[in-house]
Amino acid sequence: MKSAVETLNPTRVRLTVEVPFEELKDSLDAAYKKINQQVTVPGFRKGKIPARVIDQRFGRGAVLEEAVNDALPKLYQSAVEEGELNPLGQPEVDITDLKDNELLSFTAEVDIRPEITIPDFSGIEVEVEAAEVSDEDVDKAVEQLRERFASTTVVERAAAEGDVVKVDLEAKVDGEVLEDGVAEGVDYTIGSGELLEGIDDAVTGLEAGGTATFTSELKGGSAAGKEAEVSVKVQTVSSRELPALDDDFAQLASEFDTLEELREDSRKRLGQQKKYEQATEAQEKVLDALLALVEVPVPDKLLAEEVGTRKDNLVNNQLGQMGLDLATYLQMQEKSEEDFDAELKEQAEKGIRTQFVLDELVSTEKLNVSQEELTEHLMRRAQSSGMSPDQFAQAVVEGGQVPMLVGEVARGKALATVVEKATVKDSNGETVDLDDEDETAETVETVGAPGEGAEGAAETAGEAAETQAEGSAEEPEEEKKSEG
């Protein structure tokens, strides 16, 4: 077999392959055997029909077509290996010549990974927010914890801001009650802004049994984005009382004996969260700075497929689960479809460029993934997916996705290498030491490598970061003593 590679552009090549006919012998034998099992000829037992009879009865062309279809994948793969190519996706194959008992020639055009030169990135400098915790931050955290322990008491008076009202709701659009527009016994805190716009004014001043009507734009359901006439009836009005901020509250809501100890624990937790957010911000900015240093051509076909995959996932999965269509979503986001498509293309292109660059770093830095690292990553992915580690591992193995997970870990290590060599300063001009952050540049999640399966691409580091720092206590009361 002879093969030659023609570069069409930095991300696409054309392979020209010539194969002597004798190299098709195994495929021809397989073709005759397959046809033998599929046809019946009087006078011959099934599977024992001579090749010459098959040629006479069914045509030599049918045999050649079957043989070529069998041989092409193997011949193409041999040409790829001979040309030392990294193809993305499936090739476009064109048989240019097929001469019986002489030769087969074909061309195959395919996208390839571009050649990337990683420049010196040790000079990257970025600025991140200072990880400072103010007294106001602590006050807010403690107040949020206090809100969780508020008590309510039914009162015989008109509802006012801060009260909890139990209401029945009915929404109409164009005079018709929506199938999913009726709700009974909904608890709502006046002034919280957690329900419908306009409800605060409607229920304020109403006593139990009182009714009101208001208009509001629906945020979800079958009529999301539309103006609805909403009828509300108040069942009960309850006053809401917060516990006093004292040592008794600290003992009720946490493992601590004093309010001061609780405040200090909140300050520590907030500090950990801000440090994690700072590390995540450093990842994002270092990655952006790295991408700005590298010229990365993106294959048009791969980009189009990635945009399509992302759009399909949004429309059919995410929006579908919320009962929304794309038009309603765009209306809620106040975006045109053109703007949405442009943003989606920009995100997809950055994702592909990110993966190409980090994969090249994995190669140049000779980064390997240990079994322990892979297992830890699998455990995190299982947790985020809501599956048990055993279930997730089984799904990964059965789906042939182990190489994808290895790639995710390797790219995470590549990004960590860049972050480690970068200079990171906070908004106060202080150098930030990220060595103590266990999660710094832990992973860059992917949906799948370009040219592999879904042909997804790496998300940005910020999209991949998984929030680790938790807030204050919110466990069931019998467990609250273990929380801070």
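What you see is a predicted model; the values in this text were computed from it and never measured. Here, residue 1 is the first one in the sequence, and each next residue gets the next number.
- Contacts of R14 classified as salt bridge (Lys or Arg N to Asp or Glu O under 4.0 Å), with partners at least two apart in sequence or in another chain: E6, E109.
- Taking 4.0 Å as the cut-off between side-chain N and carboxylate O, D70 and K34 do not count as a salt-bridged pair.
- A salt bridge links E281 to K285: at least one charged side-chain nitrogen sits closer than 4.0 Å to a carboxylate oxygen.
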Show, in sequence, the C-alpha distance, side-chain angles and deciding distance for L75 and L24, and conclude whether the side chain to side chain contact (heavy atoms under 4.5 Å, CB included) test is met. CA-CA 10 Å; L75 296 171; L24 297 178; 4.2 Å; yes
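- More than 12 heavy atoms of other residues, nucleotides or ligands lie within 6.0 Å of CD in E81, so this atom counts as buried by the packing criterion.
- Annotation: N317, atom CG; neighbour count of heavy atoms from other residues, nucleotides and ligands within 6.0 Å is above 12.
- In this structure, A223 and L178 approach most closely via the heavy-atom pair CB-CD1, 3.8 Å.
- More than 12 heavy atoms of other residues, nucleotides or ligands shown are found within 6.0 angstrom of NZ on K74.
- A donor-acceptor contact closer than 3.5 angstrom links the side chains of E277 and Q273.
- Listed by chain and residue number, K311 satisfy the salt bridge (Lys or Arg N to Asp or Glu O under 4.0 Å) test with D341 (two or more places apart in sequence, or in another chain).
- Although no hydrogens or angles enter the test, the distance criterion places a donor-acceptor pair under 3.5 Å between the side chain of E23 and the main chain of M1.
- Here the CD atom belonging to E92 is positioned 4.5 Å from the CZ atom belonging to R12, to the nearest 0.5 angstrom.
- Note: E360 CD to E115 CD = 9.0 Å, rounded to the nearest 0.5 Å.
- Side-chain atoms of S3 and E82 form a donor-acceptor pair, as typed in the model, at a separation below 3.5 Å.
- Between P119 and T117 the shortest heavy-atom distance is CD-O, 3.3 Å.
- L367 approaches A410 most closely through the heavy-atom pair CD1-O, 4.2 Å.
- At a cut-off of 3.5 Å, with distance as the only test, no side-chain donor of D390 or S388 sits close to an acceptor on the other residue.
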Check the pair F44 / I54 against side chain to side chain contact (heavy atoms under 4.5 Å, CB included), numbers first and verdict last. CA-CA 11 Å; F44 296 95; I54 291 178; over 6 Å; no
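- The shortest distance between side-chain heavy atoms of I112 and N86 does not fall below 4.5 Å.
- Using a 3.5 Å distance cut-off with no hydrogens or angles, the side chains of D325 and T328 do pair a donor with an acceptor.
- Listed by chain and residue number, R60 satisfy the salt bridge (Lys or Arg N to Asp or Glu O under 4.0 Å) test with D100 (two or more places apart in sequence, or in another chain).
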Decide salt bridge (charged side-chain N to carboxylate O under 4.0 Å, His left out) for K33 and D29; before the verdict, give the C-alpha distance in whole Å, the side-chain angles of both, and the deciding distance to 0.1 Å. CA-CA 6 Å; K33 184 176 181 180; D29 291 343; over 6 Å; no
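- You'll find the side chain of V294 stays beyond 4.5 Å of the side chain of F356, heavy atoms only.
- Put simply, the side chain of E102 never gets that close to the backbone of F21: no donor and acceptor are under 3.5 Å apart.
- Environment of CD in E295: sparse, with no more than 12 heavy atoms of neighbouring residues, nucleotides or ligands closer than 6.0 Å.
- Other residues, nucleotides and ligands contribute at most 12 non-hydrogen atoms within 6.0 Å of the CD atom of E346.
- A heavy-atom distance below 4.5 Å is found between the side chains of V13 and V110.
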